[in-house]
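Written out below as structure tokens is the structure these notes cover.
Quantities reported herein were computed from a predicted structural model and do not represent experimental measurements. Scope of the values below: all heavy atoms of this structure, side chains included, with no hydrogens, waters or symmetry mates. For reference, positions follow the sequence shown, starting with 1.
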Amino acid sequence: MKVVGHFIHVQDFDKKSATSSYHRRPSNGAVKEQSADVYASTLAERGFITLAVDLAFWGENDGEPKNAISPDMYSETFNAAVDF
């Protein structure tokens, strides 16, 4: 299943330096652009590397039926994002 997200960081991000990271998922019924990106952008401005993803079956992610509520798949989405 394709999982889509936004990787957000400060402009002068150095890939070789250690930094904190944060993963944000949207609230139930929302897509990453509605809430997760807002939190992720704010944290990135404060030095965090952030990843905002759509939940399985929502937004740009694969899966049918669209907009399904599936806590098990939400966990899998989160795990995939962390593994990334």
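- Here the closest non-hydrogen pair linking I8 and S41 is CD1-OG, 4.0 Å.
- Between I49 and F7 the shortest heavy-atom distance is CG2-CE1, 3.1 Å.
- D37 and H6 make their closest contact through OD2-ND1, 2.7 Å (heavy atoms, listed as atom of the first residue, atom of the second, distance).
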